[in-house]
Engineer: 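Quick one: structure below, then a few questions.
The figures here come from the full heavy-atom set of this structure, side chains too, leaving out hydrogens, waters and symmetry mates.
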Amino acid sequence: MTPTPTATERDASHAPDDGWVPVPETDRVPDAEPERVGTERAGAERTRTERTGADRTGGARAGAEWAGAEWAGAERTEPDRTEPDRTGGARTGGARAGGAGGRVGPLLLGVRHHGPGSARGVRAALEAEQPAAVLVEGPAEADALVALAADPGMRPPVALLAHAVDDPGRAAFWPMAEFSPEWVAIRWALERGVPVRFFDLPAAHTLAAADPTWSDEGDEDEVSGSGLRIDPVAELARAAGHEDAERWWEDVVELRGDGDPTAPFEALAEAMGALRETYGHGGHPRDLVREAHMRLRLRAARKEFGDSVAVVCGAWHVPALTRRTTVAADKALLKGLPRAKTELTWVPWTHRRLARRSGYGAGIDAPGWYGHLFAAPDRPVERWMTKVAGLLRAEDHPVSSAHVIEAVRLAETLAALRGRPLPGLDETTDAVRAVLCEGSDVPLGLVRDRLVVGDVLGEVPAAAPAVPLQRDLTRRQRTLRLKPEAQERELGLDLRKETDGERSRLLHRLRLLGVHWGEPAAGRAGTGTFRETWRLRWEPELHVQVAEAGVWGTTVEGAATAKAESLALAATALADVTALAEQCLLAGLTDALPVVMRALADRAALDADVAHLAQALPALARSLRYGDVRGTGTAALGEVAAGLAERICVGLPPACAGLDADAAAQMRDRLDAVHAAIGLLHEDRPDTPAAALDGPEPDAGPALPLTPGLGGRWSGVLRRLAGWDRVPGGLRGRAARLLLDEGRLGEGEAALLMSRALSPGTPPADAAAWIDGFVGGASGGGLLLVHDERLLGLVDAWLTGVPDEAFTDVLPLLRRTFSAYEPGVRRTLGELVARGPRSGGPGPSAPGVPGFAPAPDPARADAVLPLLHLILGTEVTA
């Protein structure tokens, strides 16, 4: 089953995921204004068509303009208005007279998720009103986890994670940062001993949205008048005459100065009320179900605490909470909703993950900037420029205090010119680019990555619930000192060291389980096989992957062993089993090897396809080599590898005969891989010393104990391929080149094979394929032609003799062959061809090293002396 999209990809407060069925119209509480509800209860039908679009737009615009003026700091001169007693007297804003004691209804604080301005406003309103209980938007089952937010080991950003017990891949996140209003409300309540509860729809219903019977199909008529789902903030910005919704919101909320703490919430509630009156549910019919549950939880809280209740939720939901409905109507909306058995916990989150369109549908482009605005409300621009200067100095960019002062002045000037209350992210970015980065976007990219977004990773206390596999992984991480980090880093491992060997096994086991915390990377060059390089980055989604892998066992080693055994029994292709054997050796899963080896022997005995055998052998060779380094017993694996190698030597020549161009290209790749594998396996190869830089490698020199004479038999196979006319030209050329590299071709044999392949009777396409196999690609063929002019002359002579009508057919293949060479090699070949062959025809001009004259040329050597003197700084002698 395809996993349900997590709350990181859906709006957990504005627009829940597709896959929910709205309750039929006859059972749904009307989503119009209170007057409409009353009229319908009286029996008078009023349709949406009776209200014109102009009236709706006007209502939204009026609310937005009034809200904008209020947020911008304008004095509200009209007398305070008390909202009608809807839903039993719920009221937005705080009581201006009397405080908590004079409250007419609950304190409804409509916010924008992950907004520092909303977070500061929530804290100020709670301090002013001192409610007896706090309700926060979030899954209702998380009440048991809310106390963990006060644990000293809890450091945001964090997220509530809910996943289905029977299908951990079905999961949802509710992320919270330090500047999230919900987190501020939770911390305020816990610090003062005030009860705090979540009151959104339970996660059991949210995760059941994967049920195919939950669908929005057939409800297009319930979408907003424009037929589109609306963004409330964008609608308010448009009504206020602004095209950039984020910039408008930053001006009127995030950069707003101190004032009446409840006034912004009253303004926002009135504006959202106008939008809900105009657009109904705004294209989000499932919000009606969520809001019904919110109202029920609010009623329960008022029964327990009276009107001294504060509610922190998305501003879009505030009008629904003030609507007059009955308990029976709300319960009817929730009746029959599907449920899924769920488990919840806290997990670490990251600023980088917040920067995506995730979590509450309020993905923010600059979580680092918003965190700065929340943590530094006084002189935020000066403090921000100081942080930027510190970062650039740490990266060796010359930045002085004068740069910081000038950047602050420029940002403030830009804000004044653009009519903004304070410099925002656009102004500070422009100032940083112009002053601190001297107009370059290169260091500016670093500022965006490290500060504007940031790599902050939250922490969760050990007391938080977790699946047993997660707890074992956490223990292993601490033991091996592998701390999860949000920023990608490179980790080099020396497998000769016990700790590094354990780290490697842990990372390989996690990859086998589908937990991609680390990915192998190219490391420092060396001939040793005892070094590994990994790229590590911890993402919040890895907690879901660990939960999914928990079905295989309670420890990382046990789960990886169980999964390897299951994969071995289910595998049908020989290459899959050999790759699995390699993974088991890399991961140190000795308990799984017997099952894997039995499956490998069975598949190898039944598979007669040489192509499959050739595809499987390289993984076995690597496994033997790694097992040798890691001290893992590989005798049984060596026997299987020896059997595969023998069968390949017997069956490869017939399998290469009569192939078309595509099949020949695939077989050429397999030929290269088998040649490298046999180079590791055969017993008569010379000892291989370890790299000087890497130090001695244990057991790396002697050949692996396989069948004697394997290298000689493989050379015979290559010779047969190189001289058999039924084998495609590309394979014949490649076999000849492999023999030449191994020193198996005598003097002049390579030139003889080339002259035969490029003879006039050979079709041009086949000859071009031979050249591509012999000197093509990144095999060093270009240098071979540079240093052996005999071979270069043969290629040149053949190429100049290709008929005109065939030249266009072979040109693409030749171009691909020579375009892979390094620019310097291509230039040298061009110079040699332009000079023409030496006297005496192609080939070395005299006995000695191919490509070199028998004696130095003094005139040519003297021409190099001025350059050498210039490089060495010596004087030129007369």
Engineer: Find the distance between CG (L391) and OG1 (T386) and round it off to the nearest 0.5 Å.
Structural biologist: 12.5 Å
Engineer: Mind listing the closest non-hydrogen atom pair of P181 and S118 along with its distance?
Structural biologist: CG-CB, 3.6 Å
Engineer: Taking side-chain contact (heavy atoms from CB on, under 4.5 Å) as the test, write out the residues that go with R247, two or more places apart.
Structural biologist: D244, D251, R418, R420, D426, E427
Engineer: Taking the six-membered ring for Trp and the full ring for Phe, Tyr or His, determine whether the centres of H543 and W349 are under 6.0 Å apart.
Structural biologist: no
Engineer: Can you name the residues that form a salt bridge (charged side-chain N to carboxylate O under 4.0 Å, His left out) with D396, not counting sequence neighbours?
Structural biologist: none
Engineer: Run the salt-bridge test on E141 and R339 with the 4.0 Å N-O cut-off and return the result as yes or no.
Structural biologist: no
Engineer: Using ring-ring contact (aromatic ring centres under 6.0 Å, His included) as the criterion, list what pairs up with W534, not counting sequence neighbours.
Structural biologist: H508
Engineer: R481: what forms a side-chain contact (heavy atoms from CB on, under 4.5 Å) with it, not counting sequence neighbours?
Structural biologist: T499, R503
Engineer: Suppose we screen for salt bridge (charged side-chain N to carboxylate O under 4.0 Å, His left out). Which residues come up paired with E502, at least two apart in sequence or across chains?
Structural biologist: R476, R505
Engineer: Which residues pass the salt bridge (charged side-chain N to carboxylate O under 4.0 Å, His left out) test with E304, not counting sequence neighbours?
Structural biologist: R197
Engineer: Please list, chain by chain and in numerical order, all residues satisfying ring-ring contact (aromatic ring centres under 6.0 Å, His included) with W183, sequence neighbours excluded.
Structural biologist: none
Engineer: Name all residues meeting the side-chain hydrogen bond (donor to acceptor under 3.5 Å, both in side chains) criterion together with E485; count only those two or more places apart in sequence or in a different chain, and write none if there are none.
Structural biologist: R489
Engineer: Run the side-chain contact (heavy atoms from CB on, under 4.5 Å) test against V453 and tell me which residues pass, sequence neighbours left out.
Structural biologist: R352, A355, P367
Engineer: Checking W552 now: which residues fulfil ring-ring contact (aromatic ring centres under 6.0 Å, His included) with it, not counting sequence neighbours?
Structural biologist: none
Engineer: Mind checking side-chain contact (heavy atoms from CB on, under 4.5 Å) for V146 and listing every partner two or more places apart, or none if nothing turns up?
Structural biologist: I186, V196, F198
Engineer: Tell me whether the guanidinium CZ or amine NZ of R537 lies under 6.0 angstrom from the six-membered ring centre of W517 and within 45° of its axis.
Structural biologist: no
Engineer: Output side-chain donor-acceptor pairs under 3.5 Å for residues 154-165, partner residues at least two apart or in another chain, one line each.
Structural biologist:
residue : atom : partner : partner atom : Å
R155    : NH2  : L457    : O            : 2.8

